[in-house]
Amino acid sequence: MSTFEPPAETLADVVLVDYGLGNLRSATRGLERAGAAVEITDDPEAFAAADGVVLPGVGAFREGMENAGPLREALTDHAEAGRPLFGICLGMQMLLTSSEEADHEGEGEVTGLDLVSGTNVRFEVDRKVPHMGWNELDVERDHPIVEGVDGEYAYFVHSYYAEPDDPDAVVATADYGVDFPAVVANEAGNVFGTQFHPEKSGETGLRILRNFVGYCAEQ
């Protein structure tokens with residue numbers, strides 16, 4: 001049984017972006033348990049009214065960016081205004097500038113949101129790809145999103161991982177034959193993402209989601 005109790009009141013209003021590739025049901029449940037009132041929408045006008053925006057994602061980088069294309073300006077405006085933007089799994093990869101995935105699939109270059117400068121690269125390890133399973137989080141630097149999770153385990157499903165241009169963008173790492181970023185953030189700290197799925201990561205994931213909701217409430 002979880003050691004966390006559902007909050008007695010709503011702490012923050014959060015938009016969960018619906019662009020056709022998100023794990024919306026479980027993400028909504030996790031965020032609500034963490035104290036958020038959740039609106040699932042593809043309406044850019046809703047972003048401005050929210051305390052924070054969550055960009056979930058399951059699938060390919062090209063499809064993600066194509067589906068989210070109409071929302072690019074609104075997501076960028078939200079981030080550049082200093083407001084919280086949280087990318088999950090593919091959503092985290094979409095925060096970066098580019099990905100090898102499209103080239104690897106023969107689809108040419110695809111541009112990400114470029115809110116965290118860098119690219120996503122494919123695992124080149126003597127292990128099964130995609131990487132699926134539980135891995136320990138090693139927190140590299142302070143950020144509100146990782147408070148209380150150093151050494152805890154989270155659930156990953158991915159074939160590509162982020163390589164930010166700035167090493168300081170790496171907030172936490174995990175190991176899968178190579179140390180890879182498990183959590184990244186921009187310089188201002190308001191744009192961040194997890195390569196793992198917090199909504200599938202038990203108590204660790206709930207802690208991450210509660211950290212996010214608390215961060216939104218403080219802004």
Side-chain angles (χ1 to χ4, degrees), residues 4 12 14-17 19 21-24 26-31 33-34 36 38 52-59 61 64 68 75 79 84-96 99 112-113 115-116 118-121 123 130-164 166 168-176 178-186 188-216:
F4 294 112
V14 171
V15 160
L16 189 60
V17 183
Y19 64 105
L21 293 177
N23 188 18
L24 301 179
S26 58
T28 297
R29 286 199 301 265
L31 286 163
R33 192 177 178 203
V38 180
V53 172
V54 177
L55 182 66
V58 177
F61 188 82
L75 289 168
L85 175 60
F86 179 13
I88 295 175
C89 196
L90 173 62
M92 185 200 87
Q93 295 182 6
M94 290 165 60
L95 299 177
L96 273 74
S99 176
L113 294 171
L115 297 171
V116 177
T119 192
N120 298 285
V121 300
F123 277 112
H131 165 219
M132 300 177 63
W134 294 81
N135 286 77
E136 185 177 1
L137 301 176
D138 182 10
V139 173
E140 302 286 343
R141 67 174 180 85
D142 290 338
H143 189 282
I145 197 69
V146 294
E147 183 178 348
V149 301
D150 189 30
E152 301 297 332
Y153 284 75
Y155 185 74
F156 294 82
V157 183
H158 61 122
S159 300
Y160 293 79
Y161 62 91
E163 276 195 351
D166 182 357
D168 288 341
V170 179
V171 175
T173 61
D175 175 68
Y176 192 65
V178 62
D179 285 335
F180 67 90
V183 183
V184 300
N186 68 344
N190 66 299
V191 176
F192 43 85
T194 60
Q195 182 60 72
F196 57 88
H197 288 274
E199 75 279 9
K200 298 181 179 179
S201 296
E203 291 186 14
T204 302
L206 181 57
R207 167 74 75 174
I208 291 281
L209 294 175
R210 292 191 70 179
N211 288 346
F212 169 65
V213 172
Y215 178 79
C216 290

Is the shortest heavy-atom distance from the side chain of [X] to the side chain of [Y] under 4.5 Å?
X      : Y      : result
Asn23  : Lys200 : yes
Leu31  : Thr28  : no
His197 : Ile88  : yes
Leu209 : Phe86  : yes

Does [X] reach the main-chain N or O of [Y] with its side chain, forming a donor-acceptor pair under 3.5 Å?
X      : Y      : result
Asn190 : Pro84  : no
Asn135 : Ala174 : no
Asn211 : Glu147 : yes

Heavy-atom pair of closest approach, residues [X] and [Y]:
X      : Y      : result
Met92  : Ala182 : SD-O, 4.2 Å
Gln195 : Ala162 : OE1-N, 4.5 Å
Val184 : Pro164 : CG1-CG, 4.0 Å
Ser26  : Glu199 : OG-CG, 3.3 Å
Pro56  : Tyr19  : O-OH, 2.5 Å
Asn186 : Val116 : N-CG2, 3.9 Å

Give the intermediate values and the outcome of side chain to side chain contact (heavy atoms under 4.5 Å, CB included) for residues Val157 and His131. CA-CA 6 Å; Val157 183; His131 165 219; over 6 Å; no
Derivation and outcome, side chain to side chain contact (heavy atoms under 4.5 Å, CB included), residues Asp175 and Glu136: CA-CA 8 Å; Asp175 175 68; Glu136 185 177 1; over 6 Å; no
Ring pair (Phe, Tyr, Trp, His ring centres under 6.0 Å) involving Tyr215 - partner list, sequence neighbours excluded: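 By the ring pair (Phe, Tyr, Trp, His ring centres under 6.0 Å) rule, Tyr215 matches Phe192.
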Run the ring pair (Phe, Tyr, Trp, His ring centres under 6.0 Å) test against Phe196 and tell me which residues pass, sequence neighbours left out. Phe156
Might you work through the side chain to side chain contact (heavy atoms under 4.5 Å, CB included) test for Val15 and Val54, ending with a clear yes or no? CA-CA 6 Å; Val15 160; Val54 177; over 6 Å; no
Side chain to side chain contact (heavy atoms under 4.5 Å, CB included) assessment of Thr119 paired with Leu96: CA-CA 6 Å; Thr119 192; Leu96 273 74; 5.6 Å; no
With a 3.5 Å cut-off and no angle check, do the side chains of Glu163 and Asn120 form a donor-acceptor pair?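 Short answer, no.
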Does the side chain of Thr173 come under 3.5 Å of the side chain of Glu140 through a donor N or O and an acceptor N or O?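 Present: a donor and an acceptor within the cut-off.
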Of Leu95, Val53, Leu55, Leu75, which is the lone residue that meets side-chain contact (heavy atoms from CB on, under 4.5 Å) with Val191?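 Result: among Leu95, Val53, Leu55, Leu75, Leu95 is the only option passing the side-chain contact (heavy atoms from CB on, under 4.5 Å) with Val191.
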With sequence neighbours excluded, tell me which residues meet side-chain contact (heavy atoms from CB on, under 4.5 Å) with Asp168.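 Checked Asp168 against side-chain contact (heavy atoms from CB on, under 4.5 Å); matches are Asp166.
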Please report the interatomic distance OH(Tyr153) to OG1(Thr204), rounded to the nearest 0.5 Å. 10.0 Å
Gap separating the OG atom of Ser201 from the CG atom of Leu137, nearest 0.5 angstrom: 8.0 Å
Pair Tyr155, Trp134 - check ring-ring contact (aromatic ring centres under 6.0 Å, His included), show working. CA-CA 4 Å; Tyr155 185 74; Trp134 294 81; 5.7 Å; yes
Checking ring-ring contact (aromatic ring centres under 6.0 Å, His included) for the pair Phe123/Tyr161: CA distance, chi angles, key distance, verdict? CA-CA 7 Å; Phe123 277 112; Tyr161 62 91; 4.8 Å; yes
When the aromatic ring centroids of His158 and Tyr176 are compared, is their separation below 6.0 Å? no
